[in-house]
Asker: 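Dropping the structure in here first, questions after.
Counting begins at 1 with the first residue of the sequence. The basis for the numbers below is simple: all heavy atoms, side chains too, and nothing from hydrogens, waters or symmetry mates.
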Amino acid sequence: AVKTGVGRVPAHSATEPEPLCIFGTGDLGRSLGQRLLQSGYRVVYGSRKPHSCGPLPPGTQAMSHSAAAQSAALVFICIHREHYNFLETLAPQLQGKVLVDVSNNLKKNLYPEANAEYLQRLVPGAHVVKAFNTLSAWTLQNGPSDANRQVYLCGNSAEAKQAVAETATKLGFTVLDRGSLCAARELEDFPLQLFPEWRLPLRIAVGLTAFFYFYLLIRIVIYTYVQKGDDISFRIMVSLANKVFPIVSLIMLSLCYLPGVIAAFLQLYRGTKYRRFPDWLDRWMLCRKQLGLLALAFAFLHVLYTLIIPQRYYVRNRIAGSTILLNKTSAFDSALAWRSDSFLSTGILGFGLYVLLGITSLPSVSNALSWREFSFVQSKLGYLTLFFCTLHTYLYGWNKFLKPTSYPWYTLPGYLLCLIVPTVVLVLKFLLLLPCMDRSLTRIRQGWDRTNKVDDGEKSLLA
């Protein structure tokens with residue numbers, strides 16, 4: 001036997017692959033074993049029933065837990081926490097070994113301590129490392145991709161973490177060290193999080209959709225039934241939805257760029273870039289990508305709902321009735337033609353730029369762009385997208401706001417409400433583009449600090 005930094009293992013010839021041990025023959029254990037074999041390792045399985053543990057990857061060997069533990073210095077524990085008790089009896093065989101805990105729980109705070117900490121308490125002579133628990137069996141079997149290339153690990157032994165990190169790197173993963181074993185609970189909570197970065201954007205989207213849907217329901221359907229006695233409830237499915245989707249889309253697109261404008265004015269006010277933004281602004285800026293993708297989804301729904309308008313029975317019936325009643329040709333209105341064509345053109349251009357923003361936010365595309373290219377698309381073309389979409393909405397409203405019938409029960413039209421945020425963003429952005437504002441902001445972002453200038457002035461006066 002040869003002595004290593006993490007324990008004593010049997011000696012092997014120079015040509016023989018390094019042996020690794022896996023406790024557990026479930027889906028994760030089999031997938032991990034297959035991946036280790038493809039990376040050049042020799043794999044042995046420890047099982048309660050080594051002769052009837054089911055199909056294992058070709059080239060592996062199954063034996064008892066005790067025999068398997070003695071054959072390798074690094075042992076993957078691919079079993080559930082409730083079955084950890086037998087490991088306490090294997091403490092002599094696991095003395096000095098590196099135990100990689102890959103387990104997870106069904107929900108948070110299920111146990112008073114993390115699984116890895118519990119494992120370390122059962123086998124105090126081993127070096128427990130929490131790792132690989134954020135990867136699925138499918139990922140291990142098919143190899144890493146951009147979405148799940150990272151392996152988080154933590155442990156109290158630097159040598160043990162180094163051994164696990166080398167194995168993960170050889171499997172094609174990127175290792176992120178989260179510190180001591182105290183971070184194990186945090187790592188075990190990672191797989192239990194459901195879209196953590198999407199929670200705030202989804203709440204905003206659901207809130208805006210619900211508010212405007214019921215707001216327009218009252219203005220259009222309920223008002224018409226109460227005041228005129230007409231039942232137009234059939235408009236709830238398509239007409240009402242097709243008014244809500246563009247409203248929510250435009251507001252959420254504006255919310256992508258509003259925090260950047262607020263941050264710029266905050267830097268101008270403070271005269272420095274070295275002070276942290278408020279926490280609420282930090283959280284807002286971190287979820288701009290998700291806000292933009294949800295805004296694009298609502299824009300897609302608006303386009304699809306608009307395309308089915310000619311197929312609706314209500315529309316076809318109205319067109320047929322108008323054809324029968326109006327048996328004469330109306331005079332051509334050039335202003336109306338300009339408005340209609342401009343309305344359609346700005347909508348198409350805005351949606352096209354919208355799609356471009358969505359494509360460049362994909363990791364496979366953004367990774368191929370330089371920072372200047374990505375910034376140009378997401379910032380310059382982003383504001384251009386917001387301008388076209390806002391102009392599209394203004395052309396939709398045109399002079400409707402002058403008509404008293406546009407304010408049933410003294411309520412504002414939905415398109416007027418949705419224009420507030422994008423208009424504010426565009427006006428503030430225009431102010432930032434003024435030479436006097438732009439020069440000051442550029443100097444601040446290049447490192448100029450107003451407080452340092454004041455301090456230097458005071459020092460010169462004292463001198």
Side-chain angles (χ1 to χ4, degrees), residues 1-24 28-46 57 59-61 68-79 93-104 115-116 119-120 123 125-137 139-184 186-188 190-191:
V2 295
K3 180 75 183 263
T4 68
V6 292
R8 299 178 61 86
V9 296
H12 300 277
S13 65
T15 59
E16 190 177 0
E18 180 183 355
L20 296 178
C21 174
I22 299 176
F23 281 6
L28 185 64
R30 291 196 301 268
S31 299
L32 178 60
Q34 182 66 42
R35 189 69 186 167
L36 289 170
L37 283 173
Q38 295 171 354
S39 301
Y41 290 100
R42 186 165 63 90
V43 179
V44 294
Y45 283 94
T60 62
Q61 182 181 3
Q70 293 176 353
S71 66
L74 196 149
V75 182
F76 290 90
I77 310 298
C78 299
I79 57 179
Q93 292 85 355
L94 296 175
Q95 181 75 23
K97 308 286 186 178
V98 177
L99 305 185
V100 184
D101 178 35
V102 303
S103 66
N104 289 310
N115 295 351
L119 178 59
Q120 183 69 81
V123 193
H127 306 285
V128 176
V129 177
K130 187 73 183 184
F132 290 93
N133 68 300
T134 58
L135 303 178
S136 64
T139 302
L140 290 169
Q141 196 169 14
N142 294 276
S145 61
D146 289 336
N148 43 27
R149 188 177 292 275
Q150 295 177 333
V151 168
Y152 298 93
L153 62 83
C154 67
N156 295 330
S157 170
E159 293 181 354
K161 288 193 291 184
Q162 181 62 29
V164 178
E166 291 176 357
T167 303
T169 303
K170 196 170 181 180
L171 295 182
F173 296 100
T174 301
V175 177
L176 293 178
D177 191 345
R178 301 305 292 260
S180 68
L181 204 61
C182 296
E186 180 186 357
L187 299 190
E188 291 171 5
F190 279 175

Asker: Under the criterion side chain to side chain contact (heavy atoms under 4.5 Å, CB included), I'd like the reasoning laid out for Val98 against Val129: C-alpha separation, chi angles, the key distance, then a yes or no.
Answerer: CA-CA 7 Å; Val98 177; Val129 177; 4.2 Å; yes

Asker: Which value, rounded to the nearest 0.5 Å, describes the distance between Leu153 atom CG and Asp101 atom CG?
Answerer: 12.5 Å

Asker: Test Leu187 against Thr134 for side chain to side chain contact (heavy atoms under 4.5 Å, CB included), laying out the working first.
Answerer: CA-CA 8 Å; Leu187 299 190; Thr134 58; 5.7 Å; no

Asker: For the pair Lys170 (side chain) and Leu36 (backbone), establish whether a donor and an acceptor sit closer than 3.5 Å, ignoring hydrogens and angles.
Answerer: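 Between the backbone of Leu36 and the side chain of Lys170 there is no qualifying donor-acceptor contact (under 3.5 Å).
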
Asker: For Asn133, does its backbone N or O pair with a side-chain atom of Glu188 as donor and acceptor, under 3.5 Å?
Answerer: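 Absent.
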
Asker: Taking all non-hydrogen atoms of both residues into account, name the closest pair between Ala68 and Ser71 and its distance.
Answerer: O-OG, 2.7 Å

Asker: Lys97 side chain to Val75 main-chain N or O, any donor-acceptor pair under 3.5 Å?
Answerer: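 It does not hold such a pair.
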
Asker: Would a 4.5 Å heavy-atom cut-off, applied to side chains only, mark Val151 and Leu135 as touching?
Answerer: yes

Asker: Let me confirm one number: the CG-CG distance from Leu140 to Leu32, rounded to the nearest 0.5 Å.
Answerer: 5.5 Å

Asker: Tell me whether Lys130 contacts the main-chain N or O of Ser103 through its side chain, where contact means a donor paired with an acceptor under 3.5 Å.
Answerer: yes

Asker: Between Ala183 and Cys154, which heavy-atom pair has the shortest distance, and what is it?
Answerer: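 Shortest heavy-atom separation between Ala183 and Cys154 comes out as C-SG, 3.9 Å.
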
Asker: Any donor and acceptor pair, going by atom type alone, linking the side chain of Ser31 with main-chain N or O of Leu28 inside 3.5 Å?
Answerer: no

Asker: Where do Cys78 and Ile22 come nearest, in terms of heavy atoms and distance?
Answerer: SG-CG2, 3.9 Å

Asker: Going by ring-ring contact (aromatic ring centres under 6.0 Å, His included), Phe132 matches just one of Phe190, Tyr152, Phe76. Which one?
Answerer: Phe76

Asker: With sequence neighbours left out, write down each residue that passes side-chain hydrogen bond (donor to acceptor under 3.5 Å, both in side chains) with Tyr41, or none if nothing qualifies.
Answerer: none

Asker: With sequence neighbours excluded, what pairs up with Gln61 under the side-chain hydrogen bond (donor to acceptor under 3.5 Å, both in side chains) test?
Answerer: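 Counting only residues at least two positions away or on another chain, Gln61 forms no side-chain hydrogen bond (donor to acceptor under 3.5 Å, both in side chains).
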
Asker: Glu186: which residues meet the salt bridge (Lys or Arg N to Asp or Glu O under 4.0 Å) condition with it, sequence neighbours left out?
Answerer: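 For Glu186, the residues satisfying salt bridge (Lys or Arg N to Asp or Glu O under 4.0 Å) (neighbours in sequence not counted) are Arg178.
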
Asker: Applying side-chain contact (heavy atoms from CB on, under 4.5 Å), name anything that partners Gln38, two or more places apart in sequence or on another chain.
Answerer: Gln34, Arg35

Asker: Might you point out which heavy atoms bring Ala69 and Leu94 nearest each other, and give the distance in Å?
Answerer: CB-CD2, 3.6 Å

Asker: Applying side-chain contact (heavy atoms from CB on, under 4.5 Å), can you list everything that pairs with Thr60, at least two apart in sequence or on another chain?
Answerer: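 Residues passing side-chain contact (heavy atoms from CB on, under 4.5 Å) with Thr60: Leu37, Val43, Tyr45, Leu56, Pro57.
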
Asker: Can you tell me how far SG of Cys21 sits from CG of Leu99, rounded to the nearest 0.5 angstrom?
Answerer: 9.5 Å

Asker: Distance from Lys161 atom NZ to Glu166 atom CD, nearest 0.5 Å?
Answerer: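 The CD atom of Glu166 is 13.5 Å from NZ of Lys161, to the nearest 0.5 Å.
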
Asker: Sequence neighbours left out, what passes side-chain contact (heavy atoms from CB on, under 4.5 Å) with Thr169? Give chain and number order.
Answerer: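 For Thr169 the side-chain contact (heavy atoms from CB on, under 4.5 Å) partners, ignoring immediate neighbours, are Val175.
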
Asker: Taking all non-hydrogen atoms of both residues, which atom of Ser39 and which atom of Leu171 are closest, and how far apart?
Answerer: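 In terms of heavy atoms, the two residues are closest at OG-CD2, 3.0 Å.
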
Asker: Under the side-chain hydrogen bond (donor to acceptor under 3.5 Å, both in side chains) test, which residues partner Gln120, sequence neighbours left out?
Answerer: none

